[in-house]
Visitor: 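Take this structure, written in structure tokens, and hold onto it; I'll ask about it next.
The structure presented is a predicted model; accordingly, all values stated were derived computationally and were not measured. Convention: sequence-line order gives letters A, B, ...; per-chain numbering from 1.
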There are 4 protein chains.
Amino acid sequence: MIHQSLKEKQRQEREELILQATQELLLERGYYETSMGEIAQRVGVAKGTLYQHFESKEALMIALFKREFHDLHVAIENIASMQVGAQEKITLMIDTLCYHLAEKHPVFFIIRNASDLEAEIHEEIKEYFNGMRARISVILDGGKAEGIFNASLPTEVMVEALFGIIVSRLFKNFHQRQQVTYEDLVGHLKCIYFHGITAPTPAPAG
Amino acid sequence: MIHQSLKEKQRQEREELILQATQELLLERGYYETSMGEIAQRVGVAKGTLYQHFESKEALMIALFKREFHDLHVAIENIASMQVGAQEKITLMIDTLCYHLAEKHPVFFIIRNASDLEAEIHEEIKEYFNGMRARISVILDGGKAEGIFNASLPTEVMVEALFGIIVSRLFKNFHQRQQVTYEDLVGHLKCIYFHGITAPTPAPAG
Amino acid sequence: MIHQSLKEKQRQEREELILQATQELLLERGYYETSMGEIAQRVGVAKGTLYQHFESKEALMIALFKREFHDLHVAIENIASMQVGAQEKITLMIDTLCYHLAEKHPVFFIIRNASDLEAEIHEEIKEYFNGMRARISVILDGGKAEGIFNASLPTEVMVEALFGIIVSRLFKNFHQRQQVTYEDLVGHLKCIYFHGITAPTPAPAG
Amino acid sequence: MIHQSLKEKQRQEREELILQATQELLLERGYYETSMGEIAQRVGVAKGTLYQHFESKEALMIALFKREFHDLHVAIENIASMQVGAQEKITLMIDTLCYHLAEKHPVFFIIRNASDLEAEIHEEIKEYFNGMRARISVILDGGKAEGIFNASLPTEVMVEALFGIIVSRLFKNFHQRQQVTYEDLVGHLKCIYFHGITAPTPAPAG
DNA sequence: GATGAATGAGTGTTCATTCAT
DNA sequence: CATGAATGAACACTCATTCAT
């Protein structure tokens, strides 16, 4: 039994190393410029070993994606089922998305880039995104019902705007030196998403 | 001389045909799935001819990008130099960006997808974007000075939010059946960008 | 025009060289042991060149097969449409098969070996054989109607026996030093096919 | 000792299972499409175990061949040493060959396909065949001496014709739906081998 | 200048074989 | 001994680029 679990442990460690190397290379070069040979080389194993863990390059990418996004998935489910107002849910959602997407899982952006246009290859990844969209839609609809979100905006547009603001912004943040701190940045994004860029109207004098 | 310019004209026509075909194929298949052979075939010339106009696949893509964004570039310059308020400038900017990015130049998205991470290859394209960002930054700073934009938001963040909202949203619009009309969509994006998703406060009763 | 046909000629010459080299290697090593790389090497061209002439290894094999068997095909059609008795037709058929299969086109045997069990890969080749079988069946049925062939034998069995005798025998002849001359061998095969191995009964004394 | 022989027994059982699985897969897919991994999987052992019984894929195939043909070998020896006429011996030989080759040991055909051209790999298998040929040659020569076989036919040709008729025909029978029953088929093959396809001459009226 | 066949490095993938556990 | 993960050479095939015509 101990024997078994030792082997199993090694296997998982190796798998982890492969995923790590893949993520690194993906970030350095992008999907198409990263070859299985390079991944193997970086891990320090033979090419064939990769195929013992993942049945194809595509499968490796999907596995990487799943690993990367499992936590996010769980977090989103949690937020969705909280007993708080929509505004707070969306706030938490932005926090969560920013945290996972930018800080912990930048591989997201690369895969997204590759996935948008290659529907067939990354069908599975798309479903992940659609799941996320559905959860957020429900929250936004809740907020409209509460009267706190602008009911004249289509929910779908609101969802994409959320992604658009976060992904675009954080991606830049990740790849470039930035003057703005992470916390400030997230605060600004929330501000824009909730109130836009218009200067706040001064509270009417009482 | 006249002979020369006739030849030159034919050359330019050919070049135009190549760019056209490239754009089509890029939209149909994406960058990596489009081969020089296919482009040549669609134009109806030999592969070698492509290389007489563009020294590499990459150079062809950059040339395409430049052609595609020349109009946008001009339009942005025009808006930047208008004698109107910042709010109006940004409104026009959103109209313009939406128009060019989604309606006229969807190739943008493909190139952007390919370009984000491959810094070296698409350096030239990045400069285009940086130019655009600079113009928009100036406008936003103007708006802050006017007191109509939220001065507590870093201009850079505001710029990226603008791109984020437009690109993400319109890309989806381009690739999927959509319930929202183009005009409504642009209206919603402006609304979100200026006011966020919060429900408008009712005008204080007089 | 002359220019055109020069290039075309060179192309065909090269194609011929590829087919030649393929045939040689097929005979030396068999289908699975012959790699596209080896073929290219023997021809003295790059691997890619092979693919400009034949879209896959399989296609190359089929093309080789077709080239090799075109003459046989024509010859069989001719025999089938002759205005002579069935016995003579079968005699000619054996001559023809022996000539083409053993002397001129030994590649046949290799392809047959590969084709029997890999139905899907070599469907096209199988159809060639079925065409041949059909022609021979008609002749044999004719012979039965004439009363000269044994009507109690199923035609199908007779066809396969014809192939069996010729292919098995000639294949050996090709690959081994042989005491029997080619002409004698063909004579013996005809003898066996028509009369079996039983000693001829002496003509009854008058 | 008893322990030893128990282990030995298990070892042999395992070996038998491996050979069985190999035979099955060979029939289902052919030599090149059958991997050591698949064989191991079907047996339910690890790949490494295969190599404890057979030092290579090739050795496994040869061992399978030997096992498969041991019975045939014995049967042929028996027939060869019988005290009956050559005609009867050949008749029995055809029965035996048909029985073993088609009914019990179709694996023969696959191996033969693979073996014909790869002299080096299957040298050992070839020797088996040569032994068979030698025995049959002796019988045929005996028949010639008896005056019942056509002495003008070279014995070697007669041997190959025997193989040719049986193998070609039965192979087809094995792989295709057949109208002819097995017994009839064997009868037809004997008929052709002994008398050819010519219609039997009516007994002279007396 | 136009052509398109030739090039060859590169890709993802397979699989017989080995060997540490 | 059994195991099965690791190996790495080999394979079929692609495609941006070159260059003789």
Visitor: Given atom CZ of A:R29 and atom P of E:dG10, what is their separation to the nearest angstrom?
Guide: 13 Å

Visitor: Quick check on DNA chain E: between A:E38 and C:G44, whose nearest nucleotide comes earlier from the 5' end?
Guide: C:G44

Visitor: Grab the CD-C1' distance between D:E55 and E:dA16 for me, whole Å please.
Guide: 13 Å

Visitor: Just how far, in rounded Å, is P of F:dA16 from OH of B:Y32?
Guide: 11 Å

Visitor: Hey, which of C:T22, C:L17, C:L25, C:I18 is the one that makes side chain to side chain contact (heavy atoms under 4.5 Å, CB included) with C:R42?
Guide: C:L25

Visitor: Please check the phosphate of E:dA6 (OP1 and OP2 only) for any side-chain N or O of C:Q52 closer than 4.0 Å.
Guide: yes

Visitor: Starting from P on E:dA5, measure out to CZ on C:F54 and report it in whole angstrom.
Guide: 13 Å

Visitor: Using 4.0 Å as the upper bound for N to carboxylate O, is an ion pair formed by C:E15 and C:R67?
Guide: no

Visitor: Hunt down the Watson-Crick or G-U wobble partner of F:dT21, both distances under 3.5 Å, from any strand shown, or write none.
Guide: E:dA2

Visitor: Calculate, to the nearest 0.5 Å, the distance between atoms OG1 and CE belonging to D:T49 and D:M36 respectively.
Guide: 10.5 Å

Visitor: For A:G37 and for D:G48, locate the closest nucleotide of DNA chain E by heavy-atom distance; then report the residue assigned to the nucleotide nearer the 5' terminus.
Guide: A:G37

Visitor: Find which nucleotide of DNA chain F each of B:T34 and A:V45 is nearest to by heavy atoms, and output the residue with the more 5' nucleotide.
Guide: A:V45

Visitor: Report the base-pairing partner of E:dA16 (Watson-Crick or G-U wobble, both distances below 3.5 angstrom), or none.
Guide: F:dT7

Visitor: Taking the side chain of B:K47 as its heavy atoms from C-beta onward, which of E:dG8, E:dA6, E:dT13 lies nearest to it?
Guide: E:dA6

Visitor: Please give, in whole Å, the distance from F:dC1 P to D:E13 CD?
Guide: 15 Å

Visitor: Does E:dT11 have its OP1 or OP2 closer than 4.0 Å to a side-chain nitrogen or oxygen of A:S35?
Guide: yes

Visitor: Look at D:R14 and F:dC1 and indicate whether a side-chain polar atom (N or O) is within less than 4.0 Å of OP1 or OP2.
Guide: no

Visitor: Using atom CD of A:E33 as one end and atom P of F:dT14 as the other, report the distance to the nearest whole Å.
Guide: 19 Å

Visitor: Please confirm whether any donor atom in the side chain of A:K57 sits under 3.5 Å from an acceptor in the base of E:dT13, or the reverse.
Guide: no

Visitor: Check the phosphate of F:dC1 against D:H53, side-chain N and O only, distance under 4.0 Å to OP1 or OP2. Yes or no?
Guide: no

Visitor: Calculate the interatomic distance between C:E15 atom CD and E:dA6 atom P; express it in whole Å.
Guide: 10 Å

Visitor: Kindly give the heavy-atom pair with the smallest separation between A:A21 and A:I39, and that separation in Å.
Guide: CB-O, 4.3 Å

Visitor: Taking atom P of F:dA6 as reference, at what distance in whole Å does atom CZ of A:R11 sit?
Guide: 7 Å

Visitor: Within less than 4.0 Å of OP1 or OP2 of E:dT7, is there a side-chain N or O belonging to C:T49?
Guide: yes

Visitor: Ignoring hydrogens, what is the shortest heavy-atom contact between D:A63 and D:F54? Give both atom names and the distance.
Guide: CB-CE2, 3.4 Å

